[in-house]
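Worksheet: the structure to be examined is printed underneath.
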Number of protein chains: 2
Amino acid sequence: MSEVGAPVVVGLELQERMVSLVRAFGLHRPDETPCGQPVSVAEAHALMELSREEPLLQKDLASRLRLEKSTVSRLVRVLEGRGWVGRTRSPHDGRAVELRLTEAGRRTAAGLAEARREKFARVLEAIPEEERAPVLRALGVLEEAMNEGG
Amino acid sequence: MSEVGAPVVVGLELQERMVSLVRAFGLHRPDETPCGQPVSVAEAHALMELSREEPLLQKDLASRLRLEKSTVSRLVRVLEGRGWVGRTRSPHDGRAVELRLTEAGRRTAAGLAEARREKFARVLEAIPEEERAPVLRALGVLEEAMNEGG
DNA sequence: ACTAAATAGTTGTGCCTTCGAACTAGTAGG
DNA sequence: CCTACTAGTTCGAAGGCACAACTATTTAGT
């Protein structure tokens, strides 16, 4: 920053934009996904993480979702109840629980991914072509900054 | 992206980035308010909107926050109870209610803005200087696209 | 080994958020 | 004047999330 005041001013913009972005996204309503599926946002994210890596320890799921372990405990219980994930004690650590997607869970996750993809494809189409790559880049930069400085 | 399939692929990236962004931001936790004041997020957002434009009709506050009118009704009642906003019937429309910040409300809003500014300034400092403007631009573009294409 | 500190999960509690439906009141058009 | 629409209010209920307290397991320190 070359000036003292500049980051402050821009900081104001940043937060306001983030706020409206989140609300525009429908994330202030965590009990349903913005993609219209009958799954809560947290559940959808959990399935997404499990699709990415499996098995996953419950504590790792918690840190990826940035949720309290108690919250994750309940979340996982729900997912198990729906038949989407299975739980097994870790062979390496008797305290830990390994999570795995069931077949049904995998199907659900795939469906969610599909719905998300469609939604975002629509969003992307609303972005001028030459802006798309910059926008994606910017999001990456922002996330990295948030992990460091936030 | 001159190919047909490209937007879909990029769409996948976009959604994953959004998800991690939101969680990295702590926006999945609605009751977090880094400021010393006992203010909830929804209240903070309302104060923010009122700081931006005043007076504001209650229905307009609702559409800006993307909340149901009933939700906003309650929210406003709380804010009024804390002495932060005043309500008057609109002179032009006997049904509508005009919202205005009180002096105390203005002070609170200023305090909140300050706290947010500090938090976001740290994030911004973690962004390379030449990236800051593009990032902000990108957020704006993205929100607009979400309003149209979402 | 044996105890103390740390770690993974579970459950109890309480706060906060939001929505939808039903109802009142003011407005606008024919 | 009657009807349809719009702004708000109130009621009820579904959920999400965190913190604290408690159990079971693992890891360190002596």
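Computed from a prediction, not measured in an experiment: that's the story for all the values here. Quick note on labels: first sequence line is chain A, next is B, and so on, each numbered from 1. Every heavy atom of this structure was used, including side-chain atoms; hydrogens, water molecules and symmetry mates were not.
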Requested in this report: Answer yes or no: does atom CZ of Arg137(A) have more than 12 heavy-atom neighbours from other residues, nucleotides or ligands under 6.0 Å?
Outcome: no
Query raised in the report: Through what angle, rounded to 10 degrees, does the axis of the helix from dA1(C)-dT30(D) to dG30(C)-dC1(D) turn between its ends, using five pairs per end?
Result: 30°
Could you list the donor-acceptor pairs under 3.5 angstrom formed between side-chain atoms of residues 95-113 of chain A and any protein atom two or more places apart in sequence or on another chain?
unit_1, atom_1, unit_2, atom_2, d
Arg95(A), NE, Asp93(A), OD1, 3.0
Arg95(A), NE, Asp93(A), OD2, 3.4
Arg95(A), NH2, Asp93(A), OD2, 2.8
Glu98(A), OE1, Arg100(A), NH1, 3.1
Glu98(A), OE1, Arg100(A), NH2, 3.2
Arg100(A), NH1, Thr88(A), OG1, 3.2
Thr102(A), OG1, Gly83(A), O, 2.6
Thr102(A), OG1, Trp84(A), O, 3.3
Thr102(A), OG1, Ala104(A), N, 3.4
Thr102(A), OG1, Gly105(A), N, 3.0
Glu103(A), OE2, Arg106(A), NE, 3.3
Arg106(A), NH1, Glu54(A), OE1, 3.0
Arg106(A), NH2, Leu101(A), O, 3.2
Thr108(A), OG1, Trp84(A), NE1, 3.0
Thr108(A), OG1, Ala104(A), O, 3.0

For residues 74-81 of chain B, which side-chain donor-acceptor pairs fall under 3.5 Å, sequence neighbours excluded?
none

**Report entry** Phosphate OP1/OP2 of dT10(C) contacted by Ser73(A) side-chain N/O (<4.0 Å)
**Finding:** yes
Report task. Please state how far atom CD in Glu98(A) lies from atom C1' in dA8(C), giving the value in whole angstrom units. Result -> 13 Å
**Report entry** Sugar-phosphate, base or nothing in reach of Ser40(A), heavy atoms under 4.0 Å
**Finding:** sugar-phosphate
Query raised in the report: Where is the tightest heavy-atom contact between Arg23(A) and Leu65(B), given as atom of each residue plus distance?
Result: NE-O, 2.8 Å
**Report entry** Separation of dG15(D) P from Leu79(A) CG (nearest whole Å)
**Finding:** 14 Å
Query - Shared-cluster residues of Met48(B), by chain and number - hydrophobic side chains joined below 4.5 Å - result: Val19(A)
**Report entry** Spacing of Gln58(B) atom CD relative to dT6(D) atom P, expressed in whole Å
**Finding:** 17 Å
Report task. Mind calculating the distance between CG (Leu99(B)) and P (dT9(D)) to the nearest angstrom? Result -> 9 Å
Report summary line: Here the pair of heavy atoms bringing Asn147(B) nearest to Ala24(A) is OD1-CB, 3.9 Å
Report summary line: To the nearest angstrom, the CG-P distance between Leu27(A) and dG15(D) comes to 18 Å
**Report entry** Qualifying residues under side-chain contact (heavy atoms from CB on, under 4.5 Å), relative to Ser20(A), sequence neighbours excluded
**Finding:** Glu143(B)
Report summary line: Scoring nucleotides 18-30 of chain C by protein non-hydrogen atoms under 4.0 Å (B base, S sugar-phosphate only, - none) yields SBBB----BS---
Report summary line: DNA chain D nearest-nucleotide lookup for Val78(A) and Val76(B): closer to the 5′ end is Val76(B)
Query raised in the report: For residues Glu68(B) and Thr71(B), is any side-chain donor paired with an opposing acceptor at under 3.5 Å?
Result: no
Query raised in the report: Has the side chain of Ser51(A) got a donor or acceptor atom that lies under 3.5 Å from a matching backbone atom of Leu47(A)?
Result: yes
